[in-house]
Amino acid sequence: MKRQFLAGRFGPDDVIEIPSAADEQVTQLQLVAGEKSLDHGIGGALTSLKSLGVFPSEIGLDLLVVAALVHAADTRISRAEQSQDSWTREIRLVVPVSDPDLWQAAARTLTRTLDFLTGDRWTVGFRCRPERFSSLTTPPASLLPPPFDTVSLFSGGLDSLIGAIDLLESGRTPLLISHAGEGATSDAQNALFGKLRQNYSGSSFDRLRVWMAFPDGLVKDVSSESTTRGRSFLFFALGVFAGTGLGSNFVLRVPENGLIALNVPLDPLRLGSNSTRTTHPFYMARWNDLLVELGIGGRVENPYWDKTKGEMAAECANGLLLGTTAADSLSCSSPSKARWQGHGIEHCGYCLPCLIRRAALDAAWGAGRDSTVYTVPDLRAHTLDTRESIGKQVRSFQVAIERLRGRPDLAKLLIHKPGSLTDEIPRLDQLADVYRRGLDEVARLIDGVDTRPS
């Protein structure tokens, strides 16, 4: 096991020496294909935005390059092989950027953001891009404003679908941002976007969809990693990258219900970064700190931080459209696992996101009106074995729900478990309340479900 060091390179002639320590394994990540074309989806993103009339800044492009190195390290360095505790990796990056001094001044906030998100120990340094890559973005050809008035993440999930519908119903013209991941996620994004296009044919809203992946074996003799705790950094970076082309004071909307955003661990085994922090309030606050330090005139916001998923669905500005499109959205943490039972890609029905989704749609529409196909359609059909994944998640919810029933004020303490909420003092009571309400929705779904070792 060694500390891992990834150095970004801009082209075959970028051979400047970057010192490394004796205990570091060095990987060179080439960011350019051929002589000039930016690789790993970065150049494609620039071209796509230009065709949409959006021209991001050099600092916005830097941010996407930083995210590319973060994503490469996060997905291609095995936690089991490259950490002492099977989780916490030590990762150093050196990134070629347009303004190294500006970025170095923001390095502490950047590493604090990454450490919190992934549970690793990050060190990030910066150097100048090579001279021939000093300017990579294109200034707008006219003084006409960009055609979009906001940016919103569009993951293919139910929450981002509701976020897009609410924006379109309010007369906004959003640029939706998608990271094209594995097949099921991409299929969901495409299906939903197509239906939105059909329903809002009079709007000029559009989508930036970027594919970014790195080959297995990128880091020599090191296996890949599947936990992808850092994926939301790439997702946010894509949104901010596009947002810098909308002018100052843009807002990147991150639609996520309050229960998932807090992601309070249901049991002690979920403590730390084992409980994902992709939209946690602390993480989002650090993003806003980073944007200020980089001189980027925008903010990231979660407009649904005080709503449960059921409340989001019930209050959607076009409930009829949501009812006909929700089944195409994808919430399941592992939709491909249905193949083990001879099924196609579908929701398992019992992972944490599936349980919250089922509970939410029952709460919003009434039991039996959710048309989503679940591999386990009836949680009460038989006893769920708590020694297997199908029973573990339900049992964890049962324990958490019972704990709060006895001591409802405990919610004010538990919401701090995933991370500090010191930035959220004015909203603490509301955050605790949305946690309680979210568990109440799940409680109605799993009431009477039998979970025990079989």
Side-chain angles (χ1 to χ4, degrees), residues 3-21 24-33 35-43 45-46 49 55-74 90-118 120-139 212 214 230 233-234 236-245 248 286-298 300:
R3 291 192 301 156
Q4 294 295 328
F5 172 25
L6 269 67
R9 296 290 184 179
F10 266 66
D13 53 347
D14 181 7
V15 293
I16 185 173
E17 184 178 355
I18 304 175
S20 61
E24 288 182 325
Q25 178 175 349
V26 181
T27 300
Q28 310 290 342
L29 180 61
Q30 183 55 254
L31 297 161
V32 171
E35 289 295 318
K36 186 76 175 178
S37 300
L38 294 176
D39 204 359
H40 310 300
I42 301 171
L46 270 174
L49 285 183
F55 300 89
S57 69
E58 293 289 348
I59 297 297
L61 179 61
D62 285 342
L63 183 57
L64 190 52
V65 171
V66 171
L69 267 81
V70 169
H71 191 56
D74 184 50
E90 294 183 70
I91 301 171
R92 182 162 76 98
L93 309 177
V94 171
V95 190
V97 292
S98 63
D99 188 340
D101 291 341
L102 178 67
W103 275 97
Q104 198 58 53
R108 184 175 182 276
T109 297
L110 174 61
T111 55
R112 191 180 183 201
T113 304
L114 291 170
D115 287 353
F116 178 81
L117 177 65
T118 72
D120 300 301
R121 294 178 61 188
W122 294 83
T123 303
V124 186
F126 303 95
R127 65 181 183 91
C128 274
R129 299 177 194 160
E131 179 63 27
R132 68 189 184 96
F133 292 99
S134 60
S135 179
L136 290 168
T137 60
T138 305
M212 184 181 289
F214 298 90
F233 188 85
L234 172 60
F236 279 47
L238 283 169
V240 172
F241 161 70
T244 62
S248 59
R286 301 294 73 76
W287 257 99
N288 284 322
D289 290 344
L290 181 63
L291 298 188
V292 169
E293 293 175 14
L294 292 174
I296 295 176
V300 298

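Hydrogens, waters and symmetry mates are skipped; everything else that's a heavy atom, side chains included, is used. Keep in mind that this is a model prediction, so the values were computed, not measured.
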> Please find the pair of heavy atoms, one from T123 and one from T111, that lie closest to each other, and give the distance.
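Residues T123 and T111, closest heavy atoms: CA-CG2, 4.3 Å.
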> Among all residues two or more places apart in sequence or in another chain, which pass the side-chain contact (heavy atoms from CB on, under 4.5 Å) test with Q25?
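So Q25 forms a side-chain contact (heavy atoms from CB on, under 4.5 Å) with K2, Q4, V219, K220, V222.
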> Going by salt bridge (charged side-chain N to carboxylate O under 4.0 Å, His left out), name the residues that satisfy it together with D13, two or more places apart in sequence or in a different chain.
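Only R132 meet the salt bridge (charged side-chain N to carboxylate O under 4.0 Å, His left out) criterion with D13.
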> On a heavy-atom basis, which atom in L6 and which in A73 lie closest, and how many Å separate them?
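Residues L6 and A73, closest heavy atoms: CD2-N, 3.8 Å.
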> For T137, does its backbone N or O pair with a side-chain atom of E58 as donor and acceptor, under 3.5 Å?
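Judged by distance alone, yes, a pair lies under 3.5 Å.
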> Please report the shortest heavy-atom distance between L294 and L102, naming the atom on each side.
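Here L294 and L102 meet closest at O-CD2, 3.6 Å.
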> What distance separates T118 OG1 from I91 CD1, expressed to the nearest 0.5 Å?
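Answer for the OG1-CD1 pair, T118 versus I91, is 6.5 Å.
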> Using ring-ring contact (aromatic ring centres under 6.0 Å, His included) as the criterion, list what pairs up with W103, not counting sequence neighbours.
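Result, ring-ring contact (aromatic ring centres under 6.0 Å, His included) vs W103: F126.
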> Nearest heavy-atom pair of P96 and C128: which atoms, and what distance?
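For P96 versus C128, the nearest heavy atoms are CB-O, 4.3 Å.
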> Could you pull out all residues at least two apart from S57 that satisfy side chain to side chain donor-acceptor pair (under 3.5 Å)?
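S57: no side chain to side chain donor-acceptor pair (under 3.5 Å) contacts found.
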> Considering all heavy atoms of both residues, which atom of D62 and which atom of S98 are nearest to each other, and what is their separation?
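Distance-wise, the nearest heavy atoms are OD2-OG, 2.6 Å.
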> Residues two or more places apart in sequence or in another chain: which of them pass side-chain contact (heavy atoms from CB on, under 4.5 Å) with A242?
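L49, L175, I177, L208.
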> Once rounded to the nearest 0.5 Å, what's the spacing between atom CG of L63 and atom CG of L238?
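So the CG of L63 and the CG of L238 are separated by 9.0 Å.
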> Name all residues meeting the salt bridge (charged side-chain N to carboxylate O under 4.0 Å, His left out) criterion together with D14; count only those two or more places apart in sequence or in a different chain, and write none if there are none.
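For D14, the residues satisfying salt bridge (charged side-chain N to carboxylate O under 4.0 Å, His left out) (neighbours in sequence not counted) are R9, R127.
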> Decide yes or no for D120 and L114: does some side-chain heavy atom of the first lie under 4.5 Å from some side-chain heavy atom of the second?
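A side-chain contact is absent here, since even the closest heavy-atom pair is not under 4.5 Å.
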> Determine whether F10 and L136 make a side-chain contact, defined as any pair of heavy atoms from C-beta on separated by less than 4.5 Å.
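F10 vs L136: side chains touch.
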> Nearest 0.5 Å, please: how far is OG1 in T109 from CG in N288?
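Nearest 0.5 Å value for the CG-OG1 distance: 11.5 Å.
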> Using the six-membered ring wherever Trp is involved, compare the ring planes of F233 and W287 and label them parallel, tilted or perpendicular (cut-offs 30° and 60°).
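Tilted.
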> For the atom pair CG (L64) and CG (L46), what is the distance rounded to the nearest 0.5 Å?
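With rounding to 0.5 Å, CG (L64) is 8.0 Å from CG (L46).
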> Any non-hydrogen side-chain atom of L29 less than 4.5 Å from a side-chain atom of L93?
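The answer is no, as the side chains (C-beta and beyond) never meet within the 4.5 Å cut-off.
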> With side chains defined as the heavy atoms from C-beta onward, is the minimum distance between V124 and V94 less than 4.5 Å?
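No - every pair of side-chain heavy atoms lies 4.5 Å or more apart.
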> Name all residues meeting the side-chain contact (heavy atoms from CB on, under 4.5 Å) criterion together with F55; count only those two or more places apart in sequence or in a different chain, and write none if there are none.
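Scan of F55 (side-chain contact (heavy atoms from CB on, under 4.5 Å), adjacent residues dropped) gives K50, T138, P140.
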> What's the verdict on side chain to side chain contact (heavy atoms under 4.5 Å, CB included) for L290 and L110, showing C-alpha distance, side-chain angles and the deciding distance?
CA-CA 7 Å; L290 181 63; L110 174 61; 4.2 Å; yes
> Can you name the residues that form a side-chain contact (heavy atoms from CB on, under 4.5 Å) with S20, not counting sequence neighbours?
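S20 satisfies side-chain contact (heavy atoms from CB on, under 4.5 Å) with F5, E24, V26, R92 once adjacent residues are dropped.
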> Let me confirm one number: the CG-CZ distance from D39 to F214, rounded to the nearest 0.5 Å.
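These two atoms lie 8.5 Å from each other.
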> Report yes if some heavy atom in the side chain of P56 is under 4.5 Å from a heavy atom in the side chain of L61; otherwise report no.
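P56 vs L61: side chains apart.
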> Measuring only between side-chain heavy atoms, which start at C-beta, is V32 closer than 4.5 Å to L38?
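Side-chain contact under 4.5 Å: yes.
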> Under the rule for side chain to side chain donor-acceptor pair (under 3.5 Å), what residues qualify as partners of T27, not counting sequence neighbours?
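For T27 there are no side chain to side chain donor-acceptor pair (under 3.5 Å) partners, ignoring immediate neighbours.
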> For a 4.5 angstrom cut-off between non-hydrogen side-chain atoms, does R129 reach V65?
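Result no, sub-4.5 Å side-chain heavy-atom pair not found.
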> Which heavy atom of E35 sits nearest to which heavy atom of P12, and what is that distance?
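Taking every non-hydrogen atom into account, OE2-CG, 3.8 Å.
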> Determine whether more than 12 heavy atoms belonging to other residues, nucleotides or ligands lie under 6.0 Å from atom CD1 of I16.
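It does not: I16 CD1 has 12 such atoms or fewer within range.
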> Sequence neighbours left out, what passes side chain to side chain donor-acceptor pair (under 3.5 Å) with R121? Give chain and number order.
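R121: no side chain to side chain donor-acceptor pair (under 3.5 Å) contacts found.
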> Per the salt bridge (Lys or Arg N to Asp or Glu O under 4.0 Å) rule, what does the pair list look like for residues 287-296, sequence neighbours excluded?
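Checked against salt bridge (Lys or Arg N to Asp or Glu O under 4.0 Å) - neighbours excluded - the pairs reaching residues 287-296 are R286-D289.
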